[in-house]
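Every value quoted in this text rests on a predicted model; they were computed, and no experiment measured them. Residue numbers begin at 1 in each chain, while the letters A, B, ... track the order of the sequences.
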Amino acid sequence: MNVGATLGAASLLTALATALFAIGAAAVGGFTRRPQLTGAGRRAVIVAAFFITAASVTLGVGLLRNDFSMAYVASVSSREMETPMKWASFYSKQPGSLLYWTWAMSLLMALFAWRTIPSIQWGAAQATALCGACLTAFLIALVFFASPFHASDVIPADGVGLNPLLVDRGMLIHPPFLLGGLVSTALPFVLGMTALMAGRLDGAWLRSVRRWAIASWLILSIGNMLGGWWAYTVLGWGGYWGWDPVENSAILPLLPLTAFVHSMMLQERRGMLKLWNLTLVIAAFSLAVFGTFNVRSGLVDSVHSFAQSEIGAYFLGVLAVVLIGALVLMVWRVPYMRAEHDFESLLSRESTLIVNNYLFTAIALVILGGTLFPVFSELFVSSKITVGPPFYNSVVGPLLIILVALIAIGTVLPWRRASNATIARRFAVPGVITLVAGVVLFVLGLREPRALAGVLSAIALVVVTAREFALGARGAHAAGIPWLATISALFARDQRRYGGYLVHIGVAVMAVAVVGSTVYQEQTRVSLSPGESFQIAGRTITFMGLDQRDGTVNGVQTEVIAPLLVKHGQQTEAILEPGRRRFTNFPEQPTAIVALHTSLRDDLYVFVQGWDDTGRADFNVFVNPLIVWLWIGGGIYVVGGIFAWMPLVGTVPVRESVTTGGGAQPQQA
Amino acid sequence: MTSMLPRRALFVALSALGVWLALTVCSVEFGARAASAKTPEDAALQIEKRLLCPQCTNLRLDVCDTTICADMRTEIKDRLAKGESDEQIIAYFQGRYGQRVLAEVPAKGFNLVLFGWVGVAIALVVVIGTFVLVRLRRTATPELAAGVLRDADEQWLDEQLHERDAR
């Protein structure tokens with residue numbers, strides 16, 4: 001008997017039984033109004049997490065101990081792999097990835113059952129049953145369709161090792177964040193469905209969902225950003241986002257989730273958009289399940305997808321149950337979803353938030369259509385037509401520019417409504433600055449209309465956000481806080497608001513980087529013998545000759561390096577070492593070693609495309625302007641997101657006369 | 001009011017400085033980039049960027065390392081040397097491998113469904129969005145006196161939210 005495989009399989013089976021118990025206990029407890037039974041179900045969710053953790057630890061120990069008697073370990077790891085990379089082996093194939101997904105979900109749900117469910121007595125039974133149902137859905141897939149705990153028929157002396165594309169340190173963090181972000185969409189979904197089932201569609205569920213939704217949005221955002229960074233630094237095609245079907249599947253749930261973290265403010269403040277908010281959390285989770293189905297069904301081809309299997313059909317069934325169940329509940333509860341207040345003016349922050357939501361919806365629909373189009377083309381005209389980046393860039397690009405501009409406009413507009421004079425006053429300075437910036441950029445040579453629009457939208461967003469900080473700081477200073485401490489006082493007063501503003505600044509910085517690196521990217525391909533040079537972007541680059549070195553770990557057999565001396569004038573700027581890596585167990589799958597020289601101005605990005613017996617090598621060289629700002633903007637976005645997620649810690653008084661100009665208190669709506 | 005003016009001037013000046021700094025970083029010789037002459041390698045590259053690998057997904061021909069892509073790149077250079085135009089070369093590869101090698105989906109035939117979807121999706125969002133906005137605004141309250149709702153409104157709402165959280 002294989003101890004590891006048996007222990008893992010038994011843990012999963014026990015977890016499945018426990019999750020089923022949680023559903024049953026919560027359902028009976030809810031119907032018979034016996035809180036003890038509901039409490040038992042809640043504790044069962046936590047116990048299920050314990051058993052799934054035990055299964056995950058079993059697989060981890062198997063990987064660390066090179067236990068090739070477990071078929072999964074033999075297929076993803078090998079003896080000479082570095083210990084940290086075995087963490088990447090854990091989720092590198094379908095069964096392990098599904099286990100990681102279920103494990104992350106179970107831990108989040110255990111935390112949810114421990115901290116949140118006791119605070120929502122109005123829906124404890126429903127929330128517990130839904131947690132149990134989500135866990136059950138994924139545990140069935142693990143136990144019956146894709147278990148990582150099958151024993152090897154013949155125990156091999158060594159394992160196959162990690163897929164060469166995944167042999168990168170970035171794989172230690174990118175998939176955990178992305179998968180964690182996708183599974184975390186389950187919590188806002190559970191709370192939304194709980195509100196529907198319990199008929200509590202007032203602000204009660206929003207108070208509980210806020211931090212879960214922001215956490216989910218933040219983790220998923222980080223996962224997507226890390227995905228872009230990994231693609232840029234490892235895949236070797238000069239870009240960071242290729243609109244691959246699986247990349248699309250990862251960003252799709254983020255769109256309704258981002259819309260939700262904005263539109264929930266409208267329900268909190270104005271009691272509006274109740275139906276819409278529920279639709280968004282259901283859409284986010286449904287799209288996460290769709291992504292799971294998409295990646296695992298073989299429906300679309302992708303460098304990221306797992307092998308085709310029957311598990312795809314299973315997840316399609318899960319998706320159908322989620323959508324039909326949600327639709328039935330929403331129709332049932334429509335009478336509960338009347339808005340508590342009316343929308344007062346088109347020129348208000350509410351209106352821009354609503355239009356903003358529509359844009360997110362339009363973008364999601366376009367991306368979904370492009371992702372599924374190859375399936376439909378194969379179905380109707382027997383030809384799998386690829387929808388490449390030009391389609392997305394031409395359709396989604398302008399929508400994103402409008403989105404950034406709308407964020408800027410929304411930041412300037414007040415809540416509810418304001419007089420024309422107030423609006424004109426608020427728009428004056430940012431408008432003039434943006435106009436001046438537009439003229440200056442045009443004179444400098446930024447003439448491509450879309451690039452100009454994108455950069456100006458970003459500049460406007462930074463200006464209006466800076467204005468918000470300046471106004472807040474002025475108010476805090478008037479309340480007696482020293483100037484240097486005003487910004488921290490603002491965050492202490494309302495992390496969510498000012499964290500959100502930081503996120504917007506991050507978005508603006510990223511937008512400029514995207515424009516710079518796509519519209520103004522330079523590319524050339526050169527074939528050089530040792531000692532030969534070429535010039536690009538003011539640099540002279542000299543090939544120093546091929547160098548071969550033996551591999552050391554992680555299945556690398558050999559590395560061929562083609563060093564390049566980069567000079568700017570007479571000054572040496574860098575020595576780049578692009579090359580190619582061959583793997584012992586994957587001779588047909590060599591990978592590129594991307595060489596990067598990064599500065600605030602641009603990235604010099606080089607990879608080798610081949611060489612001949614004379615030592616002449618072919619280089620693909622890119623100059624990507626401003627790309628480092630994509631990562632800097634991403635960092636600002638994440639820091640802002642953390643502030644927005646953090647609990648509110650209190651308020652710092654702001655003297656009313658300074659911020660109001662003597663304005664009257666609005667009537668309570 | 002008079003004390004406000006220097007502050008506003010300071011804000012405008014600081015903003016202008018910020019824009020100038022941003023422009024300094026952004027000024028990556030925008031104009032100079034497009035000026036270089038087109039070499040045969042560049043001409044081939046322009047065509048390669050319009051084609052995808054027939055084996056991989058969404059991977060452009062110019063950056064793909066498969067043998068088939070290396071052969072296609074050689075074929076492009078040969079055909080360019082023979083004097084064929086970009087469109088002729090692209091049509092040749094489309095005839096050989098089908099539409100899946102085209103980076104840009106041509107707006108014709110069944111592909112019109114994709115563009116139609118985009119149009120319908122955006123139109124639906126606009127129509128439904130407008131309907132909802134108008135419906136939400138139907139019973140709007142009369143316009144309030146000019147200038148009475150400014151930052152105090154937001155502050156008041158924030159405080160309400162804090163109080164609700166505290167409860």
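Between B:Asn58 and A:Gly242, the shortest heavy-atom distance links the atoms ND2-O, 3.5 Å. Across all their heavy atoms, B:Ala121 and A:Leu365 have their closest contact at CB-CB, 3.8 Å.
To the nearest 0.5 Å, atom CH2 of residue B:Trp117 and atom CG of residue A:Leu372 are 9.0 Å apart. Separation of atoms SG (B:Cys56) and CG (A:Asp244) is listed at 10.5 Å; rounding is to 0.5 Å. Rounding to the nearest 0.5 Å gives a distance of 6.5 Å between CG of A:Asn620 and CG of B:Leu45. If you take OG1 on B:Thr67 and CD on A:Glu588, they are separated by 8.0 Å, rounding to the nearest 0.5 Å. The line from CG of B:Leu59 to OG1 of A:Thr386 is 11.5 Å long, rounded to the nearest 0.5 Å.
Between chain A and the residues B:Asp65, B:Val118, B:Leu52, the largest count of heavy-atom pairs under 4.5 Å involves B:Asp65. Note on A:Gly388, A:Pro390, A:Gly239: by heavy-atom pairs under 4.5 Å with chain B, the leading option is A:Pro390. In terms of heavy-atom pairs under 4.5 angstrom with chain B, the leader among A:Phe607, A:Phe391, A:Trp243 is A:Phe391.
Both the backbone and the side chain of A:Val387 come within contact range of chain B, judged by heavy atoms closer than 4.5 Å. Using a 4.5 Å cut-off between heavy atoms, A:Tyr392 does not touch chain B at all. Residue contact with chain A, scored on non-hydrogen atoms closer than 4.5 Å, involves the side chain of B:Glu48 exclusively. When heavy atoms are compared at a cutoff of 4.5 Å, A:Arg447 does not approach chain B at all. Contact annotation for B:Arg50: neither backbone nor side-chain heavy atoms come within less than 4.5 Å of a heavy atom of chain A. Using a 4.5 Å cut-off between heavy atoms, A:Gln523 contacts chain B through both its backbone and its side chain. Residue contact with chain A, scored on non-hydrogen atoms closer than 4.5 Å, involves the backbone and the side chain of B:Leu114 alike. In this structure, the portion of A:Val355 lying under 4.5 Å from any heavy atom of chain B is its side chain and not its backbone. Using a 4.5 Å cut-off between heavy atoms, A:Val366 contacts chain B through both its backbone and its side chain.
The residue from B:Val63, B:Asp62, B:Asp42 that alone fulfils the side chain to side chain contact (heavy atoms under 4.5 Å, CB included) condition with A:Arg525 is B:Asp62.
Within the 4.5 Å cutoff, no side-chain heavy atoms of A:Tyr358 are placed close to those of B:Ile128.
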Original post:
Between A:Phe373 and B:Asn111, does a side-chain contact (heavy atoms from CB on, under 4.5 Å) hold up when you go through it step by step?
Top reply: CA-CA 9 Å; A:Phe373 185 69; B:Asn111 300 343; 3.7 Å; yes
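Residues passing the side chain to side chain contact (heavy atoms under 4.5 Å, CB included) test with B:Glu75 are B:Arg79, B:Tyr92, B:Phe93, B:Arg96, sequence neighbours excluded.
Residues of residues 97-110 of chain B that come closer than 4.5 Å to chain A, counting heavy atoms only, are B:Gln99, B:Arg100, B:Leu102, B:Ala103, B:Glu104, B:Val105, B:Phe110, ordered by residue number.
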